[in-house]
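Worksheet: the structure to be examined is printed underneath.
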Amino acid sequence: MPQNKKPAGTRPAKNFDPKYAPKTSYQDRKRRPDAVGATKPGSKSPSHRGYRAQSEDTAPTKRRWNADERAAREGTRPAREAGSYDRPRRSFDQDAAPRRGASERSSGGPRRDFAPRQDRSDRPRRDFNDRPRQDRDDRPHQGFAPRRDFNDRPRQDRDDRPRRDFNDRPRQDRDDRPRRESNDRPRRESASRPNFTPRPDRNDRPRRDSSDRPRRTDTGNRSDWNAQPKSKAHEDHIDVVHERLQAEAVDATITTGESFGDLGLGQNLVRVLNDLGAPHPFPIQAATIKPILDGRDVLARGRTGSGKTIAFGAPLVESVLRAQAGAKRDFGRKPRALIMAPTRELALQIDRTVQALARSVGLFTTQIYGGVPQARQVGALRKGVDIIIGTPGRIEDLVNQGKLDLSEVSIAVLDEADHMCELGFLEPVQRILRHTADSSQKLLFSATLDREVAALVDEFLVEPAVYEVAGEDQDSGTIDHRVIVIDHRDKAEILTSLVDRDGKTLVFARTRAYAEMLAEQFDEAGISAVALHGDLNQAKRTRNLQRLTSGRVNVLVATDVAARGIHVDDIDLVIQADPPDEYKTYLHRSGRTGRAGRLGTVVTIITRQRRRRMTEMLDRAEIEAPFDDVRIGDDLIEELSGRQLANVTA
DNA sequence: AAAAAAT
């Protein structure tokens with residue numbers, strides 16, 4: 001019996017709305033002591049895995065960074081001033097900051113019910129009044145947006161808008177666009193915003209011409225990015241829907257006509273793409289390839305499994321090739337392109353695609369990631385490679401050792417860019433990007449790209465083009481979402497019967513230990529299963545993932561290491577043994593199934609107490625999923641487990 | 001809590 005079904009009309013504007021809905025008041029209070037050290041103590045024994053020193057000065061400080069401290073730091077950032085970037089400081093302080101104060105005071109959004117009895121008095125800066133709500137016309141970011149015709153409105157509005165969105169936006173013909181602004185966005189016009197930094201007129205925007213790529217001197221736009229609170233959410237462990245990035249929506253039906261060749265890729269690449277199973281560009285690819293070839297900075301959002309790797313990989317190879325046309329590929333040459341991903345498995349996977357493309361035109365890639373000896377990677381670098389694909393830790397390590405020189409990197413890609421902007425990733429990523437060539441082109445991709453990437457856009461991107469595919473929200477996909485509400489004591493048994501099936505099943509667990517435990521449990525029940533998590537050495541990680549891919553096992557139990565980007569062709573069931581904490585995680589985990597238009601089912605297992613929180617998260621994810629109470633032996637378990645058979649014929 | 005560098 002569906003329990004979270006509400007009349008569609010009453011569903012609040014979802015992640016278009018900047019709002020900062022907390023997860024639970026319980027967790028929040030617990031984590032919000034005055035004293036930093038009052039969080040969970042951890043083991044006192046140094047030999048224990050959970051060991052935590054008593055006096056931990058560095059970690060808590062880091063965790064408690066807030067917007068103010070950050071702002072203070074921005075003001076005196078030595079790297080920017082002393083570094084090789086010759087761009088001016090941001091006009092952050094005098095412009096954006098005050099404006100935010102004013103604009104965020106508008107409140108009263110539809111989602112207030114998400115933050116019911118939250119004790120907010122102890123939350124530093126994110127009280128109600130301070131939150132930007134659906135009063136978007138005030139929102140500061142509008143100023144940075146490189147395009148005007150963005151989908152900045154709640155998805156519910158879409159039905160009456162789509163024509164307008166794509167039809168009158170022939171990309172080559174911009175001149176008829178300004179009119180729309182006044183018609184479609186009257187509220188913005190009327191909103192008087194003294195501090196608003198006007199965007200440059202569309203006509204003096206740079207043409208897509210790599211040769212006159214603008215220097216990063218225009219701070220007007222960037223200050224608007226800055227106005228948004230950054231990843232404070234993660235410091236607070238609160239699931240936040242960041243303001244949605246404005247994007248030019250690309251209409252799938254318009255773009256499908258163009259071939260990869262039409263988009264500017266060479267014959268070799270087109271052939272390899274065909275071999276890779278991509279005879280025609282997917283919409284996101286049709287959207288991004290040209291601007292990337294033209295040298296623009298690009299932000300792109302395409303839902304999980306929509307073909308983002310090729311969308312950046314193919315034009316990247318083409319660009320590197322063009323840049324080196326005629327030049328000899330010298331021994332020991334420096335890399336020209338860099339692709340970073342949050343996990344080693346994803347880096348490996350990207351390399352499989354990019355390497356195939358690169359090889360076909362005589363370029364070389366190498367993987368630079370941790371957990372394996374450096375020697376081979378360093379050896380490859382010494383010989384000379386053109387494209388680096390890897391994870392931040394090892395890349396930075398080799399840079400610091402002087403074994404990797406990024407100074408000639410002219411294209412840098414961040415896959416899962418929003419994730420790469422989270423705590424722990426952001427700073428290494430920033431440091432690495434600062435090593436790339438001054439004017440290097442930056443490409444940021446993710447299925448959940450939002451303003452969390454502001455920290456990077458602000459420093460590294462120049463008037464980026466932003467793309468998404470029209471109408472491609474997650475809910476319009478091919479995934480059937482279900483939630484089952486169980487008694488905790490039934491969990492193990494229900495899980496086992498769910499994974500007892502024919503198709504490939506991916507099970508997500510919150511911790512490494514639980515992932516390991518579940519894999520063993522399934523094995524003991526006669527269902528061969530393997531685990532994938534960060535406690536395994538890299539060889540085992542790679543092997544276990546390969547076992548699922550090859551079909552040697554049908555069940556993989558993973559932590560969120562497998563949540564993003566990993567592509568296994570025919571996973572038809574994703575089970576979340578533990579529900580995710582963030583809506584983004586939900587979207588990425590579910591995106592391991594239903595890829596490239598296939599059908600898939602996602603079953604999330606929760607206990608009764610979790611229902612409300614789960615409903616809220618699904619709302620943020622903009623996903624409709626029925627909730628069902630389930631006990632051991634219920635027919636529904638078998639139905640969910642064997643659903644694919646029914647689905648395929650349907 | 002997990003991930004990303006070893007040590």
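Sequence lines set the chain letters: A, B, ... in the order given, protein chains first and strands last, and positions in each chain run from 1.
Near DNA chain B, defined here as any heavy-atom distance below 4.0 Å, the residues from residues 378-391 of chain A are Thr391(A), listed numerically.
Contacts of His419(A) with the nucleic acid, taken as non-hydrogen atoms under 4.0 Å apart, are absent. Arg541(A) comes within 4.0 angstrom of sugar-phosphate atoms only, judged by non-hydrogen atoms across all strands, and of no base. Residue contacts shown for Asp560(A) are absent, as no nucleic acid heavy atom lies under 4.0 Å away.
Comparing atom distances between the His533(A) side chain and each of dA5(B), dA1(B), dA3(B) picks out dA3(B) as nearest.
The shortest distance between side-chain heavy atoms of Leu545(A) and Leu556(A) falls below 4.5 Å. Side-chain atoms of Ile432(A) and Leu406(A), non-hydrogen and from C-beta on, do get closer than 4.5 Å to each other. Within the 4.5 Å cutoff, side-chain heavy atoms of Met340(A) are placed close to those of Leu433(A). Residues Lys584(A) and Glu416(A) are not in side-chain contact: their nearest non-hydrogen atoms beyond the backbone lie 4.5 Å or more apart.
In this structure, Arg589(A) atom CZ and dA3(B) atom P are separated by 11 Å, rounded to whole Å. If you take CD1 of Ile432(A) and C1' of dA4(B), they are 10 Å apart, rounded to a whole angstrom. One interatomic measurement links the two molecules: CD of Gln576(A) to C1' of dA1(B), which rounds to 15 Å at whole-angstrom precision. If you take OH of Tyr514(A) and P of dA1(B), they are 16 Å apart, rounded to a whole angstrom. The interatomic distance linking Glu582(A) (CD) with dA1(B) (P) rounds to 15 Å, in whole Å. Rounded to whole angstrom, the span from the CD atom of Gln538(A) across to the C1' atom of dA5(B) amounts to 13 Å. One interatomic measurement links the two molecules: CD of Gln401(A) to P of dA5(B), which rounds to 13 Å at whole-angstrom precision. Atom CG in Asn400(A) sits about 14 Å away from atom C1' in dA4(B), given to the nearest Å.
Of all heavy-atom pairs spanning Leu381(A) and Val385(A), the tightest one is CD2-CG2, 3.8 Å.
A salt bridge does not link Lys540(A) to Asp535(A): none of the charged side-chain nitrogens sits closer than 4.0 Å to a carboxylate oxygen.
For Arg344(A) and dA4(B), the shortest distance from a side-chain N or O to OP1 or OP2 is below 4.0 Å. OP1 or OP2 of dA3(B) sits under 4.0 Å from a side-chain N or O of Thr559(A). The phosphate of dA2(B) has neither OP1 nor OP2 within less than 4.0 Å of any side-chain N or O from Arg564(A).
Pairs passing the ring pair (Phe, Tyr, Trp, His ring centres under 6.0 Å) check and including a residue from residues 396-428 of chain A, sequence neighbours excluded, read His419(A)-Phe425(A).
Between Thr511(A) and Ile395(A), the residue anchored closer to the 5' end of DNA chain B is Thr511(A), taking for each the nucleotide with the nearest heavy atom.
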